[in-house]
Amino acid sequence: DSKTGLMRPKSSSGRFDSSFDTKRWGGGYTEGSAWHHSFPPFAVAELAALHGGAASLIEKLDEMLETPGTFQFGGYGQEIHEMTEMRAVAMGQYGHNNQPSHHVLYLYALLGDHASTAEHVRHVMDRAYGVDFYAGDEDNGEMGAWFVLSALGLFAIAPGVTDEYVLGSPLFRHVVLRCPALPASAELQTSPRPARELHVVAQGTGPGSVKVREVLWNGGRVLRPVVSDGQIQAGGVLRFVMESEPSPPAPFDPNSPTAAAAAAALSIAPPPAAGSAAGSAAASEAAAGAAAARAELEALRRSSGELAGSLKGQLDTFKGAADAAKTQLTEAKQEAEAERLARSTEGAALQKILQDQSRALRELEAKLEAAQAAAAQAASQGAAAAGAASADASHRALLEEVASLERSLAAEAKDHSRTALLLAMLDDHTKRVANLKLAQADLNSGAENDPGFGGAGPLPPRPVTSFAAQRGTAPPGRDLSSKLLLAGWGLAILAFGWALGARGGARVRLWKEDTHIV
């Protein structure tokens, strides 16, 4: 579409899509937008012509990198991971996370701007790759292959269409690719192929040195931004002279290049001619080196086998220990659960006892208040001897009930001394019993001084104090239902803590310290 400078979907009638948006994904595009599908690598010259020339196409590529990496869901209806990954690369609308964009940065070199290819490719290698991640899906190995080829300074921009590699910016100072000799194959109809080596040399490359001044092939200047697969398959020296390097020495003079001089300048011996003395010596040396390498490899295999056996034994030991620990943990959980159930039953029983005791206390308190009132009335009105004797019997019966309840409380306190919250309730009940005893003593003292009981005579009038007043006003929420509810929760928590502590107090303490539980 000449108006937008991008590939734009058309209807079956040949009309452009009227709802077109450069950042809308889906529709006419797969896993991308118009930015990702508008720069095909198969006919770059024709593509440049459509844009009005190489300079215009370069400007469009710059626009792609400068346009914010936003997107519209389009036909996908939601954000897919390719959208997220493209934005994370942070190179505008360039989507290195997906394969349709992998060739795009090398278009700069084909259009005459090799410096932009070098800078952008190195930036992607630094930003979109790491020791444990890729920028996107490693589909069929392409994400990794892109890095390997780019690190060599070569990229096959359109495999199957052309056998050319676009020249980039090598990451390493010297890489050697060795191809072994191959015999003839009747099945594949191939001739014998000798061993050969390809040396990729970029002595001035580095993090701050990415731009290439010139490229030499076996000492001769490469005039186009590409080399063919046929060239490098034969072996030789592909030399990238970086802009940061000094002026190249004579062997790199484009007017008098020779492969031997170039190799000597790089301290790289060219492959010896087959059948020569040097070739025979090199072959013998290579054979000896291969034998030594095989011996070293065999030793390494043996030591690796021994190490693997040792590690397997250790692993089996660790596994046995882990199984034993798992069994112990299971048993501990079962014991804790049994203890929890036992404590829960015990707690329910204790709750029932406390309820009965509370009810008995209320009844005794009511009886004693009635007795106090009767004693006061008798003292003021002068009760008859028969009435006094009846009151005395009633007092003795109440005293027996108080003593019985006191003994019951003492027994319960002894049996349940581990439950702090319930002990507090028992203590409260005990205090109330003490108050009952005090009141009973008052009644007895009054009877001893009453002539009707054989005493010395009436004491001065004393105010009648209810048992609620003697105990003091109860704090809010301290009625019986609140006490029982707190007692039930406290018993359950303390019983579970006791079960864990009984199983291993050191482990529980460590758990408390680690999690700051008080």
Side-chain angles (χ1 to χ4, degrees), residues 39-48 54 57 99 102-118 121 141-142 144-172 174-182 185 188-202 205 211-242 248 251-263 266 268 270-271 273-274:
F39 308 105
F42 310 111
V44 178
E46 288 78 358
L47 180 64
L57 181 51
Q99 286 72 21
H102 277 184
H103 66 282
V104 171
L105 300 180
Y106 285 93
L107 293 179
Y108 280 105
L110 294 176
L111 296 169
D113 184 4
H114 188 275
S116 292
T117 288
V121 166
E142 177 165 334
W146 185 96
F147 187 93
V148 172
L149 288 170
S150 295
L152 291 173
L154 303 168
F155 190 77
I157 193 170
V161 176
T162 174
D163 72 339
E164 293 178 336
Y165 293 91
V166 180
L167 299 171
S169 176
L171 186 62
F172 303 103
H174 184 195
V175 175
V176 182
L177 303 177
R178 294 187 173 92
C179 299
L182 294 178
S185 172
L188 299 177
Q189 297 181 352
T190 58
S191 302
R193 189 180 69 180
R196 60 214 188 278
E197 292 183 346
L198 172 64
H199 295 259
V200 180
V201 179
T205 190
K211 295 182 180 180
V212 178
R213 183 165 63 241
E214 62 178 345
V215 179
L216 308 173
W217 171 245
N218 287 334
R221 184 190 294 272
V222 177
L223 301 179
R224 298 178 59 221
V226 297
V227 292
S228 69
D229 183 70
Q231 283 178 281
I232 61 176
Q233 282 288 345
V237 178
L238 183 63
R239 160 75 184 201
F240 290 79
V241 181
M242 312 304 290
F252 294 102
D253 184 351
N255 297 320
S256 59
T258 63
L266 294 171
I268 299 172

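Just so it is clear, the values below take in all heavy atoms, side chains as well, and ignore hydrogens, waters and symmetry mates.
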Undergrad: Within the structure provided, determine whether Met242 and Arg213 are in side-chain contact (heavy-atom separation under 4.5 Å).
TA: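 Result no, sub-4.5 Å side-chain heavy-atom pair not found.
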Undergrad: Heavy atoms only: give me the nearest Ser150-Phe155 pair and the separation to one decimal.
TA: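 Closest pair (atom of Ser150, atom of Phe155, distance): OG-CD1, 4.3 Å.
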Undergrad: Go through the steps to decide whether Leu154 and Val227 satisfy the test side chain to side chain contact (heavy atoms under 4.5 Å, CB included), and finish with yes or no.
TA: CA-CA 9 Å; Leu154 303 168; Val227 292; 3.9 Å; yes
Undergrad: Taking the side chain as everything from C-beta on, heavy atoms only, tell me whether Phe147 gets closer than 4.5 Å to Leu171.
TA: yes
Undergrad: Main chain of Phe172, side chain of Thr205: is a donor-acceptor contact present, judged purely on distance under 3.5 Å?
TA: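 Checked: no pair found.
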Undergrad: Check step by step if side chain to side chain contact (heavy atoms under 4.5 Å, CB included) holds for Thr190 and Leu182.
TA: CA-CA 9 Å; Thr190 58; Leu182 294 178; over 6 Å; no
Undergrad: Provide the closest heavy-atom pair for Leu152 versus Val200 in the form atom of the first, atom of the second, distance.
TA: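 Taking Leu152 first and Val200 second, the nearest heavy atoms are O-CG1, 3.3 Å.
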Undergrad: Without hydrogens or angle criteria, can the side chains of Ser228 and Tyr165 be said to hold a donor-acceptor pair below 3.5 Å?
TA: no
Undergrad: With heavy-atom distances below 4.5 Å as the criterion, would you say the side chains of Val176 and Leu198 are in contact?
TA: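 No, every pair of side-chain atoms sits at 4.5 Å or beyond.
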Undergrad: Does the side chain of Leu167 reach to within under 4.5 Å of the side chain of Val226, using non-hydrogen atoms?
TA: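 No, every pair of side-chain atoms sits at 4.5 Å or beyond.
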Undergrad: Going from OG1 on Thr162 to CG on Asp229, what distance comes out if it is rounded to the nearest 0.5 angstrom?
TA: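 Here the interatomic distance stands at 9.5 Å.
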Undergrad: What distance separates His103 NE2 from Leu110 CG, expressed to the nearest 0.5 Å?
TA: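 Result: 10.0 Å between the selected atoms.
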Undergrad: With rounding to the nearest 0.5 Å, note down the distance linking CG in Asp113 to CG in Leu57.
TA: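 Answer rounded to 0.5 Å: 11.0 Å.
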Undergrad: May I ask you to decide if Trp217's main-chain N or O and Arg239's side chain share a donor-acceptor pair within less than 3.5 Å?
TA: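 Looks like no, no N/O pair under 3.5 Å.
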Undergrad: For Phe240 and Leu238: C-alpha separation, side-chain torsions, deciding distance, then whether side chain to side chain contact (heavy atoms under 4.5 Å, CB included) applies.
TA: CA-CA 7 Å; Phe240 290 79; Leu238 183 63; 3.7 Å; yes
Undergrad: What are the two closest non-hydrogen atoms of Gly235 and Asn218, and how far apart are they?
TA: O-ND2, 4.2 Å
Undergrad: How close do Ser169 and Val212 get, heavy atom to heavy atom, and via which atoms?
TA: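 Heavy atoms of Ser169 and Val212 come nearest at CA-CG2, 4.3 Å.
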Undergrad: Looking at Leu105, is its backbone amide N or carbonyl O close enough to the side chain of Thr117 to form a donor-acceptor pair, meaning the two atoms are under 3.5 Å apart?
TA: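 Yes: the side chain of Thr117 pairs with the backbone of Leu105.
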Undergrad: Please round to the nearest 0.5 Å and tell me the distance separating atom OH of Tyr106 and atom CG of Leu111.
TA: 15.0 Å
Undergrad: At their closest point, which heavy atom of Arg196 faces which heavy atom of Pro180, and how far apart are they?
TA: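 Closest pair (atom of Arg196, atom of Pro180, distance): NH1-O, 4.2 Å.
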Undergrad: Looking at Lys211, is its backbone amide N or carbonyl O close enough to the side chain of His114 to form a donor-acceptor pair, meaning the two atoms are under 3.5 Å apart?
TA: no
Undergrad: Ring-plane angle category for Trp146 and His102, please: parallel below 30°, perpendicular beyond 60°, tilted otherwise.
TA: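 It falls in the tilted class, 30° to 60°.
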Undergrad: Is the shortest heavy-atom distance from the side chain of Leu177 to the side chain of Ile232 under 4.5 Å?
TA: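 Sidechains of Ile232 and Leu177: no contact.
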Undergrad: Is a salt bridge present between Glu164 and Arg224, judged by a nitrogen-to-oxygen distance below 4.0 Å?
TA: yes
